[in-house]
Amino acid sequence: MAMAMARWRQRLLSSACSSSSSSAAAPQALLRLASSALSRQSSSRGFAAAPDDTTPFVVDIPVPYAGHRCDPPEQRVETSAKELVDFFKVMYVMRRMEIAADSLYKAKFIRGFCHLYDGQEAVCVGMEAALTKEDAIITAYRDHCTHIGRGGTVLEVMAELMGRKSGCSLGKGGSMHMYNKEGNFYGGNGIVGAQTALGAGLAFAQKYNKQNAVSLALYGDGAANQGQLFEAMNISALWDLPVIFVCENNHYGMGTAEWRSAKSPEYYKRGDYVPGLKIDGMDVLAVKQGVRFAKEHALTKGPIVLEMDTYRYHGHSMSDPGSTYRTREEISGVRQERDPIERVRKLLLAKEIVTVADLKNLEKQAKAEVDEAVNQAKEGGQPETHELFTHVHVKGLKQLAYGPDRKEVIVPLP
Amino acid sequence: MLPGIVRSSSRHLPCRRSLTKWMSVRNLAAASGDQMTVRDALNSAIDEEMAADPKVFVMGEEVGEYQGAYKVTKGLLQKYGPDRVLDTPITEAGFTGIGVGAAFQGLKPIVEFMTFNFAMQAIDHIINSAAKTYYMSGGQISVPIVFRGPNGAAAGVGAQHSQCFAAWYGSCPGLKVVTPYSAEDARGLLKAAIRDPDPVVFLENELLYGENFPVSSQVRDPNFTLPIGKAKVEREGTDVTITAFSKMVGFALKAADELAKDGIKAEVINLRSIRPLDRETINASVRKTYRLVAVEEGWPQHGVCAEVCASVQEESFDYLDAPIERISGADIPMPYAANLERLALPQIEDIVRAAKRACYRSK
């Protein structure tokens, strides 16, 4: 048992940059190279040239895919300088946003539940690189970054977290209930596992409407044992629904490690007759390639399960320090070996798309963007009192709704 | 469909052997002219709404090839095809979630539960995914879905197949809950429910499916709807108000006949809608009669009648000449033996007795 645990811990920490030739082999050497290059050039170099370049080039994906009832895609993916820079930018913004949420929660600007996504950014960013806004996404409660990926703004996330009317759900949802109808993002769901059946329903509608689009239903390793997931998989396979079930396996369902909750933690195989693919969820390019493969599969052959091998740095939520069921060495180990943003940073520097100074600038911009959004959100007002009774129905029948004191507060529902 | 045919490995099997179902199948032939069975009313309502709006579809167990466990969806598969009439596996949580997800995307599902007892396996989706989403999303995601099926006691189907869920769903903001009684109710309310942009829980009654009711040509019109949230005064009276819904409306009307023989003119209100509850009509009636008997088939504690009572004592306290009476199902799981089952459910004599008590005429 102890040996199995040790092996499991080792797997969590395994280096992402094992065998590739085109990803950074010696980051320290390259950083010295990059900074010496900087000293030869003008220090005011902006992003005019290489970072905007959309010329495609191919990058190897170091950690091998594992397929279940399917042949995995190629271990290499096309990308461009611009795409990598965009990946860096948006992941960094997401990282800063989640860290800001941590501080705001401790300062009591955010109440209730707050489940942070830092560490897992590559999953939602890589996904979006393979999807369009015609595709639909639904996830559970760890949804702040997924909301950004679907086109939401940091301001509306922050405002929603702080319960302001400028929030994406008008302050009436909170951390776990962020939605973006225009971006085809259906939340933001608090009941573990429910979103998997809902996601299959989104795909049902896409098929019914003959859209050439897919739905992605995201769930965690904790939700992967839910009965309704298997019910949804059965119907999806039976009816050929264009749904992709994405297990964001961060290896802990709250405080319970995967080997303590799942007889078979090979979540990509749990679909049985539904094919599956295991993907290094800390590698944004691997995610992009995997989701592109899955989308094609879902549109032509039916549902597929993706297991994203990922990791969350924070605990399950802000009430959980995250260190009672895992060691600090493990957390810092993953941060050191597999951080998704560091991956992209190394690649950008290795390909000489940006300099260290450029990246520092990007980081500064991202931090400023998040800080600005936080300040703006803080200035925003709470919802008006009458909003208590709005949005109960689309078509209120003028029936009377009551407040706690029925004689005091009586409102005909709009 | 011959009730004698038995399917293996179906946990819903006991429903199909009820004696009343035999009779209701034979009654199919009787619906004609200015009469219509509740079953035909429901069938025609779904049919017309599916014809009018391509976004409407039906899903549930046995709704397609079997023609519906209670034949409510008879003929629809043949008419609209398997893309719009979908037979689901026996997985309520899964297929209800799928229905709600489809509604998120703007389709208009009609999800049939073979009985609402099985909907308990899907109740999380009805409440947390359907009822609350429009509110939680600040008005972004609406859920135009109908959950329908038989509710309450049938005949001899035992404890797990006899529960009335009107009170549970009726307490939940975000849902609309309707309980048709007659064929007119069934047609009008189901069409309204399907057209409604919000989630509607549509509670039918198995024993009413085969009953014939008179219907006017207005009711037969494809655009006939009834307003959700409005009760109907089925019978006017001056001495005591009796509220009821679903099958109990029939019992209340018969009780009113009995009471009339003793010179008590009862006003019978068919609630039609549990949520919103038509407090106006109920209170207006009590302000006329000064006495109330609230009737329901389900359990009394925290039941629909409790809400009716609360509403009347809050709003019409000064008008009451007697304490409010409640007639409801017994506080027990439903027994099987016929004599015990009869004792577990409200009977006409119970309603008559309570009305007389309210009129201080029991001795």
query = Shortest non-hydrogen contact from B:Ser129 to A:Leu198?
reply = OG-CD1, 3.7 Å

inquiry  = For chain A, which candidate among B:Asn128, B:Thr96, B:Asp278, B:Leu86 shows the most heavy-atom pairs at distances under 4.5 Å?
reply    = B:Leu86

ask   = By a 4.5 Å heavy-atom criterion (distance strictly below it), what part of A:Ile191 contacts chain B: side chain, backbone, both, or neither?
value = side chain

task = Verify the ring-centre separation between A:Phe204 and B:Phe57: is it less than 6.0 angstrom?
result = yes

ask   = Can you list the steps and then say if B:Leu277 with A:Gln399 is a side-chain contact (heavy atoms from CB on, under 4.5 Å)?
value = CA-CA 8 Å; B:Leu277 189 63; A:Gln399 75 266 31; over 6 Å; no

note = Looking only at B:Gly99, B:Gly106, B:Ser137, the option with the highest number of non-hydrogen pairs under 4.5 Å against chain A is B:Ser137

inquiry  = Test side-chain contact (heavy atoms from CB on, under 4.5 Å) on A:Tyr186 and B:Thr133; report intermediate values, then the result.
reply    = CA-CA 10 Å; A:Tyr186 294 89; B:Thr133 293; over 6 Å; no

key: Least distance between heavy atoms, B:Asp87 atom then A:Trp239 atom   = O-CZ2, 3.4 Å

ask   = A:Lys407 versus chain B, heavy atoms under 4.5 Å apart: side chain, backbone, both or neither?
value = side chain

request  = With a 4.5 angstrom heavy-atom cut-off, could you sort out which part of A:Thr390 is near chain B: side chain, backbone, both or neither?
outcome  = backbone

message = Whether the B:Gln140 and A:His391 side chains hold a donor-acceptor pair (N or O, under 3.5 Å, no angle test) is what I'd like checked.
response = no

task = For the pair A:Lys181 and B:Phe104, evaluate side-chain contact (heavy atoms from CB on, under 4.5 Å) and give the outcome as yes or no after the intermediate values.
result = CA-CA 9 Å; A:Lys181 182 81 208 251; B:Phe104 280 179; over 6 Å; no

Side chain / backbone / both / neither for A:Ala217 at chain B, heavy atoms under 4.5 Å = neither

Best-contacting candidate, B:Ile98, B:Val100, B:Thr88, against chain A by heavy atom pairs under 4.5 angstrom = B:Ile98

task = Just give me the residue among B:Asp83, B:Ile228, B:Asp196 that pairs up with chain A most often, heavy atom to heavy atom, under 4.5 Å.
result = B:Ile228

task = Taking the side chain as every heavy atom from C-beta outward, state whether B:Asp198 and A:Lys395 have any atom pair closer than 4.5 Å.
result = yes

request  = Could you look at B:Arg275 and say if it's the side chain, the backbone, both or neither that has a heavy atom under 4.5 Å from chain A?
outcome  = neither

ask   = Any side-chain heavy-atom pair from B:Gln105 and A:Asn184 closer than 4.5 angstrom?
value = yes

key: Stepwise side-chain contact (heavy atoms from CB on, under 4.5 Å) test for A:His393 and B:Lys176   = CA-CA 9 Å; A:His393 292 302; B:Lys176 292 169 181 167; 3.7 Å; yes

ask   = A:Leu238, A:Val394, A:Leu241, A:Leu170: which one forms the most heavy-atom pairs within less than 4.5 Å of chain B?
value = A:Val394

query = Considering only heavy atoms, which portion of B:Pro144 lies under 4.5 Å from any heavy atom of chain A: side chain, backbone, both, or neither?
reply = neither

message = Taking the side chain as everything from C-beta on, heavy atoms only, tell me whether B:Leu107 gets closer than 4.5 Å to A:Tyr208.
response = yes

task = Would you mind reporting whether B:Phe95 and A:Glu231 have side-chain heavy atoms less than 4.5 Å apart?
result = no

query = For B:Pro89 and A:Asn234, which heavy atoms make the closest approach, and how far apart are they?
reply = CG-ND2, 3.5 Å

ask   = Distance-only, no hydrogens or angles: does the B:Tyr135 side chain make a donor-acceptor pair with backbone N or O of A:Leu388 under 3.5 Å?
value = yes

message = Show the nearest heavy-atom pair for residues A:Ala194 and B:Asp124, with the distance to one decimal.
response = CB-OD2, 3.8 Å

key: Taking every non-hydrogen atom, the tightest pair across B:Gly94 and A:Ile235   = C-CD1, 4.4 Å

query = Which atom names give the shortest non-hydrogen contact between B:His125 and A:Ala197, and what distance separates them?
reply = NE2-CB, 3.9 Å

Interchain contact, A:Gln195 with chain B, by part (heavy-atom threshold 4.5 Å) = neither

request  = Answer with side chain, backbone, both or neither: which region of A:Leu413 has an atom nearer than 4.5 Å to a non-hydrogen atom of chain B?
outcome  = neither

